[in-house]
Chemist: 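Below are the structure tokens for one structure; questions will follow.
Each chain gets a letter, A, B and so on, in the order its sequence line appears, and its residues count up from 1. Values below: all heavy atoms of this structure, side chains included; hydrogens, waters and symmetry mates excluded.
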Amino acid sequence: MTVRVRFAPSPTGELHVGGARTALFNWLFARKHNGVFILRFEDTDIERNRPELIEPILESLRWLGLLWDEGPYFQSQRFALYREWAERLLRENKAYKCYCTPEELEAKRKAALSAKLKPKYDGRCRSLTAQEEQEFLRAGRQPALRIKIPQCGTITVEDAIRGKVEFDFSELDDFIILRSDGRPTYNFAVVVDDITMGITHVIRADEHLNNTPKQILIYQAFGHPVPVFAHVPMVLAKDRSKLSKRHGATAVFEFRDRGVLPEALVNYLARLGWAHGDQEIFSREELIENFSLAAVHPSAAIFDEEKLFWLNQHYLKTGDPKRLGELLRPFLVKLNILSDAEAQAVPIEALKRMVVLFRERAKTLSELAEPACYLLTDNFSYDPEAVKKFLTPDKTELLRGLAEALTSVERFVASEIEGATRAYLESQGRALKEIAQACRVALTGRTTGAGLFETMELMGKDRVIARLRQAGA
RNA sequence: GUCCCCAUCGACUAGUGGCCUAGGUCACGGCCCUUUCAAGGCCGAAACACGGGUUCGAAUCCCGUUGGGGACGCCA
């Protein structure tokens, strides 16, 4: 039987890193077993079916390279199907009409909660007489459909990550499967979908473990075998609470916009809750090759940006300079260094040089693009502290001398520049060490950066000479 | 409140009863390299939540406690 898995997000307008990891595990599992990865939107809440809530999720998955083989399906387009399946349960006397109003139910729920009891439906409509039903109908009430669940016994969830998990029926109640307006509820729609889509493995977040017994009951009502369940642990914030906006970046796009590479995020997310011995760096192929549900660690994991950025730097250091150079363009604009048109016009050669020169100093594409302000433009500022410390009169005099010495360098490349500089310094009885930092400050306005001569080469002769001449002025 | 899940360094984790004086990675500290900053190399500090069992032997199995998380909707 071919493996069929699905990622079933609710359209929220963004793909959360936790959701991204769930999608990744599903995708890896499908690829590993030559299966089918299905995308489905859980939008029984009709409000949610809006393109602006859906498109970012699609785009995030594409950016991560988690392409789906089927779908996207939308529950909002399958209402007729759910109704049909629900009515089948009604006919078979496995479900019944409930005329209680949401207000009545809500009041009971609140009362139970404040009495410190588990809120459960009391089964009031389970055995209404025909006359009682007529009265409700006359009063204009529209019934919802509830499933009948056994009064006692237990149900066992076989979880591929957690093993057997047992629930007592006394914890469950006759829950609603079809709302009074005819729309299905989440638990019902999920099962009808998973059955009709032939899902073999349900890999989803831990928070759904409690829903699983309800869903198994629905499978049983339809006489359908259950799929394999695997509940993956939650992704938490640094303070161990649920990851949310107040913790900073949580969406895939936020990391993309900060200059994180998709392969870094994928690698990081894969290692969050899953491991293969001591290996940290995984190519996509290695991930597929080695992934297994049994190796998923059951406890919740904290999302650690530091480690993500370390991985990101690893991929910056080892990636193809041409590709990375191209990825730099939007960041030149975002950092207000160049206009859109200017950024497009920068020769790829220059971008490649920047990548090679600065990749060991940058954790993100954004950091990698930043030196362009002094390399490609004059649109940068001098750090006053650095100027004060290094651009002292004796140093600036040497720098002006160096400027003249460099005018005679024909091929303005690092090796030639270095030769000319060392020769000049020797003639002055000085060592490179003495002016290196002063030179750097004069050229870049700061005390940190790549090798001096490579920086000069990339900056270009005109800028170098002009900046050295006016050093300290 | 009830139910469910979880528990190894600050973080991610290895570990499936003896290979463990608990390994790797990030972060942290030190040293080396060095024109700066990085990168790199070497070294270091740092954990089996607690209490009972089971066993010749327990991080590993069982029970309890504590702590964290989740669920209890005509939300998904």
Side-chain angles (χ1 to χ4, degrees), chain A residues 8-12 41-45 47-48 75 98 100-102 105-106 109 112-121 142-146 157 159 161-162 165-168 170-173 175-187 189-190 205-213 231 233-234 236 238 240-242 268 271-281 294 297-311 313 317 358-363 386 390 418 421 431-441 444 446-453 455:
Chain A
S10 168
T12 55
F41 282 96
E42 314 255 293
D43 59 347
T44 57
D45 185 2
E47 286 280 288
R48 295 176 192 255
Q75 293 186 328
C98 171
C100 299
T101 64
L105 263 12
E106 182 60 16
R109 211 174 67 85
L113 236 26
S114 60
K116 303 202 183 297
L117 292 169
K118 194 175 179 79
K120 281 172 60 180
Y121 180 62
Q142 283 293 318
L145 237 49
R146 285 183 187 271
V157 180
D159 190 278
I161 295 169
R162 282 150 222 284
V165 183
E166 201 167 80
F167 293 85
D168 198 291
S170 65
E171 290 303 317
L172 274 24
D173 63 359
F175 57 94
I176 290 177
I177 56 175
L178 211 62
R179 298 175 171 98
S180 48
D181 63 5
R183 288 152 53 223
T185 56
Y186 166 77
N187 281 122
V190 164
D206 205 13
E207 54 193 324
H208 291 294
L209 184 53
N210 283 288
N211 285 324
T212 310
H231 290 91
M234 308 272 300
L236 305 177
K238 248 191 167 57
R240 298 217 137 262
S241 69
K242 214 168 170 175
Y268 178 72
R271 278 288 286 102
L272 207 55
W274 173 83
H276 180 65
D278 284 339
Q279 190 172 344
E280 295 288 348
I281 307 292
H297 194 89
S299 62
I302 290 173
F303 191 89
D304 178 18
E305 285 192 8
E306 291 296 336
K307 191 161 180 178
L308 167 62
F309 286 133
W310 169 75
L311 272 164
Q313 182 171 49
K317 284 193 298 186
F358 287 92
R359 70 207 316 196
E360 283 177 356
R361 299 169 171 77
K363 299 237 180 250
F390 292 104
E418 178 164 5
T421 303
L432 175 61
K433 206 180 178 98
E434 292 179 68
I435 63 138
Q437 280 303 76
C439 186
R440 181 183 302 283
V441 172
T444 70
R446 58 187 81 182
T447 57
T448 64
L452 208 43
F453 305 112
T455 300

Chemist: Using a 4.0 Å cut-off on protein heavy atoms (strictly under), produce a 5'-to-3' string for nucleotides 46-51 of chain B with B for base contact, S for backbone-only sugar-phosphate contact, and - for none.
Modeler: ------
Chemist: Please determine, for B/U25, whether a Watson-Crick or G-U wobble partner exists with both distances under 3.5 Å, and give it or none.
Modeler: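 Matched B/U25 with B/A11 under the 3.5 Å cut-off.
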Chemist: Using nucleotides 18-23 of chain B, report all nitrogen or oxygen pairs with the protein that are shorter than 3.5 Å.
Modeler:
from: B/G23; atom 1: N2; to: A/D278; atom 2: OD1; distance (Å): 2.7

Chemist: Would you check if the side chain of A/Q313 reaches a backbone N or O of A/A362 as a donor-acceptor pair within less than 3.5 Å?
Modeler: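 Pair found, side chain donor or acceptor close to backbone of A/A362.
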Chemist: Which atoms of nucleotides 66-69 of chain B (N or O only) lie under 3.5 Å from a protein N or O atom, and what are those distances?
Modeler:
none

Chemist: How would you list, by chain and number, every residue that makes a side chain to side chain donor-acceptor pair (under 3.5 Å) with A/H208, sequence neighbours excluded?
Modeler: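 With neighbours one apart ignored, the set is A/Y186, A/N211.
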Chemist: Mind checking side chain to side chain donor-acceptor pair (under 3.5 Å) for A/D304 and listing every partner two or more places apart, or none if nothing turns up?
Modeler: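 Once residues adjacent in sequence are excluded, A/D304 has no partner under the side chain to side chain donor-acceptor pair (under 3.5 Å) criterion.
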Chemist: Just to verify, what does A/P298 make a side-chain contact (heavy atoms from CB on, under 4.5 Å) with, not counting sequence neighbours?
Modeler: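 With sequence neighbours excluded, A/P298 shows a side-chain contact (heavy atoms from CB on, under 4.5 Å) to A/I161, A/R162, given in chain and number order.
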Chemist: Using OP1 and OP2 only, check whether a side-chain N or O of A/T185 sits under 4.0 Å from B/C74.
Modeler: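 For B/C74, OP1/OP2 do not have a side-chain N/O of A/T185 under 4.0 Å.
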Chemist: Of all residues at least two apart in sequence or in a different chain, which pass the salt bridge (charged side-chain N to carboxylate O under 4.0 Å, His left out) check with A/R179?
Modeler: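 Counting only residues at least two positions away or on another chain, A/R179 forms no salt bridge (charged side-chain N to carboxylate O under 4.0 Å, His left out).
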Chemist: Between A/R109 and B/G73, is there a contact of a side-chain N or O with OP1 or OP2 at under 4.0 Å?
Modeler: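 Result: yes.
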Chemist: With A/R271, which residues qualify under side chain to side chain donor-acceptor pair (under 3.5 Å), at least two apart?
Modeler: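 For A/R271, the residues satisfying side chain to side chain donor-acceptor pair (under 3.5 Å) (neighbours in sequence not counted) are A/E280.
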Chemist: What residues, two or more places apart in sequence or in another chain, satisfy side chain to side chain donor-acceptor pair (under 3.5 Å) together with A/R146?
Modeler: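 Per chain and number, A/R146 pairs via side chain to side chain donor-acceptor pair (under 3.5 Å) with no residue.
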Chemist: Under the salt bridge (charged side-chain N to carboxylate O under 4.0 Å, His left out) test, which residues partner A/E434, sequence neighbours left out?
Modeler: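 Scan of A/E434 (salt bridge (charged side-chain N to carboxylate O under 4.0 Å, His left out), adjacent residues dropped) gives A/R430.
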Chemist: Could you tell me which residues satisfy salt bridge (charged side-chain N to carboxylate O under 4.0 Å, His left out) with A/D181, sequence neighbours excluded, listed by chain and number?
Modeler: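 So A/D181 forms a salt bridge (charged side-chain N to carboxylate O under 4.0 Å, His left out) with A/R183.
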Chemist: Taking salt bridge (charged side-chain N to carboxylate O under 4.0 Å, His left out) as the test, write out the residues that go with A/E207, two or more places apart.
Modeler: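 Applying salt bridge (charged side-chain N to carboxylate O under 4.0 Å, His left out) to A/E207 gives A/K242.
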